[in-house]
Q: 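Pasting in a structure now, in structure tokens, and then I'll have a few things to ask.
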Amino acid sequence: MNIILFGAPGSGKGTQAKLISKEFGIPQISTGDILREHISRGTELGEVAKTYIDEGKLVPDEIVIALVKERLSLPDCKKGYILDGFPRTIEQAEKLVKFADIDVVVHIDVSINEVERRALTRRICPNCGKIYSIADKYIEDCESCGAKLIQRDDDKLEVVRKRIETYLSQSEPLIEFYKKKKILSTVFSAETPEETYKAVREIVLPFAKK
Ligand code: AMP
């Protein structure tokens, strides 16, 4: 099954992608993670991407489209994959049609106020990638591997606001795009990731046997 997880920054799409990946054994392809990996490895592409990411802007379409196209050609994508954070523009979605056959787009709907609050309280493990919220419970170290949690540079207030603006102007139009294609399913983000996952699971399950 080939899935797109779509939502505003901080909607919880990364967490949901990890849950699907774990249950169904298909890879989570996060363009944000791929770009951050380039940045931490100090590649040329990473240097270019960083200038956009640090300002809450989108990395140019041709760069991310090429990354995704290459990633989807790897053998682990044969049985399916979850695209997390791609496409984010109409241009990306139009190009994706040419090299991927998407079964369903899961739109995780959440209010903009909530998006801001979640991004600001998000912490990630730089070692294993686990995502935490310090909104309800303050923790400093990863519960899985013990590494010190960090806040992404682009989760700071100024950048978060810019990312939300970018989402509204460039990514939100994709909702109509996929509605017209009749492959969009919307889930309202619940109190906990586990609750949201119940609804997400119902949507993706029928495609699991494909
Ligand atoms: P994410 O981890 O999905 O929130 O992505 C972090 C940042 O990486 C975004 O704010 C963008 O600057 C960049 N990025 C990730 N995915 C894309 C994409 N599909 N198109 C353009 N830029 C992207």
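Counting starts at 1 for both ligands and their atoms, in listed order.
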Q: Please check if I183 and I90 belong to a single hydrophobic cluster, counting links between Ile, Leu, Val, Met, Phe, Trp and Tyr side chain heavy atoms closer than 4.5 Å.
A: yes
Q: How about K198: does its NZ atom have over 12 heavy atoms from other parts shown lying under 6.0 Å from it?
A: no
Q: Checking K95 against F99: charged group under 6.0 Å from the ring centre and within 45 degrees of the axis?
A: no
Q: I need the contact residues for ligand 1: any residue with a non-hydrogen atom closer than 4.0 Å to the ligand, ordered by chain then number.
A: T31, G32, L35, R36, I53, K57, L58, V59, V64, G85, F86, R88, Q92, R152, D154, R163
Q: Would you say Y178 ends up clustered with F188 if hydrophobic residues are merged whenever their side chains have heavy atoms under 4.5 Å apart, either directly or through other cluster members?
A: no
Q: Ion pair present between K162 and E158, side-chain N to carboxylate O less than 4.0 angstrom?
A: no
Q: Taking all non-hydrogen atoms of both residues, which atom of V159 and which atom of E55 are closest, and how far apart?
A: CG1-C, 4.2 Å
